[in-house]
Amino acid sequence: MRARFAPSPTGYLHVGGARTALYNYLAVRATGGEFILRSDDTDTERSSGEFQNDILDGMRWLGLEWDEGIEKGGPHSPYRQSERLARYQEVARSLLDLGKAYLCFATAAELDEMRDVAKAEGRPPGYDGRYRDYDSEQARKRLDGGEDAVIRLKVPRPGETVFEDLVRGEVRFNHDHVEDFIILRSNQTPTYHLASSVDDVDFGITHVIRGEDLLSSTPKHILIGEALEAAPIAYAHLSLLMGPDGKKLSKRHGDTSLRAYREAGYLSEAMTNYLALLGWSFGEDSDIFTLEEAVARFSLDAVQPNAAIFDNDKLEWMNGVYIRAMSDDEFADRVAPLITAEYGELNELQHVRLRMILPHVKERAKLLNEVPGQVGFLMTDDIDYDRGSWDKVMTAPEAKMAVEDGLERLSNLDRWDAESIEGELRAMLEHLQLNGRKGLQPIRVAISGSTISPPLFESMEALGQAETVVRTSRALDLLLESGANLGDS
RNA sequence: GGCCCCGUCGUCUAGCGGCCCAGGACGCUGCCCUCUCAAGGCAGUAACGCCGGUUCAAAUCCGGUCGGGGCUACCA
């Protein structure tokens with residue numbers, strides 16, 4: 001099997017494109033063969049190097065390694081359509097010589113009129129074939145005279161194109177609805193249909209796996225293949241990805257670029273895992289699996305033909321599963337750049353604190369980039385008290401007692417580890433006849449600034465005794481002087 | 001409008017004529033655990049769009065209908 005992912009670099013790689021790439025990859029690796037990455041950049045107006053790089057980055061990030069193609073090279077280099085223009089012109093001309101295509105001089109105005117008339121008469125809209133049987137001598141003459149012309153494929157009429165789509169079964173198109181489409185524009189550049197089909201043939205592609213938006217164009221591609229007398233290609237059209245509102249996934253649903261997810265703290269493992277599930281099922285035993293495991297079970301004919309809605313909630317849950325599955329060291333490594341980006345280069349104290357708290361943060365994180373915020377109270381000794389948190393717990397009558405007694409005990413503790421701290425604070429609860437919620441929340445706010453933090457005792461251990469005492473005592477001062485109402489810190 | 005594709009819980013899906021008064025996962029709800037938040041455990045919620053037909057038997061096959069989506073460029 002030889003399959004290709006052929007995006008046009010006219011935008012960032014989005015999640016839908018990533019899924020198409022993934023399914024191509026899975027199909028190839030599952031059956032053996034080559035996965036090819038090609039750039040369909042015939043639209044020079046809209047294509048850009050930035051987008052090209054984004055696609056390459058995205059593919060690498062996801063771990064979808066290709067065997068031939070851009071940057072990698074291979075027996076069919078180059079894999080960029082913009083570098084193969086001569087080839088497409090050659091094919092178009094030979095089709096012309098063979099009588100399988102013809103020159104057309106219809107102007108834009110004529111084309112518009114055709115469409116209007118066809119629509120008005122209720123016929124299929126499209127080119128009416130007026131130059132299909134035009135005298136070739138005459139055509140030559142007009143061309144030499146400097147007139148612009150396009151080359152159109154002479155679609156067999158009457159006729160029908162029928163093919164077996166690997167995910168949808170038999171699909172048929174009557175040629176009444178397939179116009180004599182343009183293969184070479186008047187400026188001598190190929191249309192997508194020509195370039196893509198010629199490449200598929202030239203590169204020995206056996207399976208074209210792509211989005212359903214190209215299903216209607218498939219007869220054109222098959223017709224070009226037939227005109228070239230090439231071996232038939234198998235097609236598999238994947239359903240499109242939808243937004244939560246059931247409409248085609250687009251910018252309207254927020255930033256759907258792969259990059260945006262990467263930057264939001266999603267792991268590539270979670271992304272490929274989730275994407276694989278959009279239209280395919282791993283089996284009833286699990287929804288969590290590696291790329292390799294997916295390869296072992298993947299099969300194109302098990303792919304669902306119906307559209308799938310991209311569900312961020314499930315992706316996020318899955319990301320959490322992958323984060324928790326990481327080793328503490330790996331988690332620390334992956335999160336380190338994000339923390340330095342937020343707080344600058346870390347000093348020794350910060351390193352020590354992080355090493356202690358990160359394993360506990362790991363258990364709670366759903367997204368990598370929410371971690372810096374969760375460890376913020378350990379990165380600076382100048383913490384702010386969250387107003388809502390303070391008002392919620394510090395105004396309770398037990399708060400002052402708990403903070404006061406806690407401070408006393410913590411100051412005198414001679415062993416500073418989570419276990420000892422817990423023992424001491426539990427003794428405080430016992431002494432004051434308070435339950436954990438009432439007695440410990442004020443202390444949590446005192447040291448972290450918020451009612452939400454990593455586990456209290458471990459947080460204190462990481463903070464260190466000196467700083468814990470400083471913060472607790474500061475909170476107590478505030479309680480005393482403000483009569484329980486937070487001033488302006 | 002024309003052509004094409006699609007139609008199982010809110011979402012992703014299992015199901016490929018009897019094992020299904022439909023299974024799993026996310027979400028949601030409740031309970032448990034608990035120092036907060038998560039995580040975890042347990043329980044619950046919820047679907048075969050509709051109408052005909054084939055058959056002893058249909059979520060599974062056929063037709064229609066309704067609904068959704070895609071395409072309809074000298075874009076890809």
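For clarity, every value in this text was computed on a predicted model and none was experimentally measured. Note on naming: letters A, B, ... go to the chains in the order of the sequence lines (proteins, then strands), and numbering restarts at 1 for each one. Values reported hereafter were calculated over all heavy atoms of this structure, with side chains retained and with hydrogens, waters and symmetry mates removed.
- Here U60(B) sits opposite no nucleotide as a Watson-Crick or G-U wobble pair (both hydrogen-bonding atom distances under 3.5 Å).
- Of the possible donor and acceptor atoms, none in the side chain of Asn319(A) sits under 3.5 Å from a partner among the backbone N and O of Leu315(A).
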What protein N or O atoms touch nucleotides 46-49 of chain B N or O atoms at under 3.5 angstrom, if any, and at what distances?
none

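- Nearest nucleotide to the Leu215(A) side chain, out of U11(B), C4(B), G27(B): C4(B).
- Among the nucleotides C35(B), C37(B), U13(B), the one closest to the side chain of Asn306(A) is U13(B).
- Which of C3(B), C71(B), C35(B) sits closest to the side chain of Asp213(A) comes down to C71(B).
- A gap of 15 Å separates the C1' atoms of A46(B) and C21(B), to the nearest Å.
- Taking the six-membered ring for Trp, Phe298(A) and Phe282(A) have ring centres at least 6.0 Å apart.
- Atom CZ in Arg364(A) sits about 9 Å away from atom C1' in U36(B), given to the nearest Å.
- Note: Phe310(A) and Tyr261(A) meet the aromatic proximity criterion, with ring centroids under 6.0 Å apart.
- The main-chain N or O of Phe289(A) is found under 3.5 Å from a side-chain atom of Asn273(A) such that the two form a donor-acceptor pair.
- Remark: the Arg444(A) side chain and the C35(B) base include a donor-acceptor N/O pair separated by less than 3.5 Å.
- Ranking C26(B), A76(B), U13(B) by closeness to the Lys314(A) side chain, first place goes to C26(B).
- Asp128(A) has its CG atom 14 Å from the P atom of A73(B), to the nearest Å.
- Rounding to whole angstrom units, CG of residue Asp245(A) and P of G69(B) are separated by 9 Å.
- The same atom, P, is picked in C48(B) and in C9(B); the two are 7 Å apart, to the nearest Å.
- Taking the C1' atoms as reference points, A22(B) lies 16 Å from U45(B), given to the whole Å.
- Between the P atom of C37(B) and the CZ atom of Phe377(A) lies a distance of 16 Å, rounded to the nearest Å.
- Side chain of His177(A), nearest nucleotide from A76(B), C26(B), C3(B): C3(B).
- Stacking of Arg19(A) on the aromatic ring of Tyr23(A) is recorded, both the 6.0 Å distance cut-off and the 45° axial limit being met.
- Checked by atom type, the side-chain pair Asp417(A)/Ser420(A) shows a donor-acceptor distance below 3.5 Å.
- Listed nucleotides G68(B), C5(B), A25(B) differ in distance to Trp317(A); the shortest reach to its side chain belongs to A25(B).
- A distance of about 38 Å separates the C1' atoms of U72(B) and G27(B), rounded to the whole Å.
- The gap from the C1' atom of A47(B) to that of U8(B) amounts to 6 Å, rounded to the nearest Å.
- Taking every side-chain heavy atom of Phe457(A) into account, C35(B) is the closest of A76(B), C12(B), C35(B).
- Only the P atoms considered, A14(B) is 16 Å distant from U60(B), to the nearest whole Å.
- Here the C1' atom of nucleotide U34(B) and the NE2 atom of His360(A) are 16 Å apart, to the nearest Å.
- Side-chain rings of His360(A) and Phe457(A) stay apart, their centers remaining 6.0 Å or farther from each other.
- Checked against a 6.0 Å centroid threshold, the rings of Tyr131(A) and Phe105(A) count as neighbours.
- Using the Watson-Crick or G-U wobble rule with both distances under 3.5 Å, G40(B) pairs with C32(B).
- Taking the centre and axis of the six-membered ring of Tyr127(A), the NZ or CZ atom of Arg152(A) falls inside the cone set by 45° and 6.0 Å.
- The side chain of Lys248(A) lies closest to G69(B), out of C74(B), A76(B), G69(B).
- C4(B) and G63(B): their P atoms are spaced 14 Å apart (whole Å).
- Distance Phe163(A) CZ to C3(B) P: 17 Å, rounded to the nearest Å.
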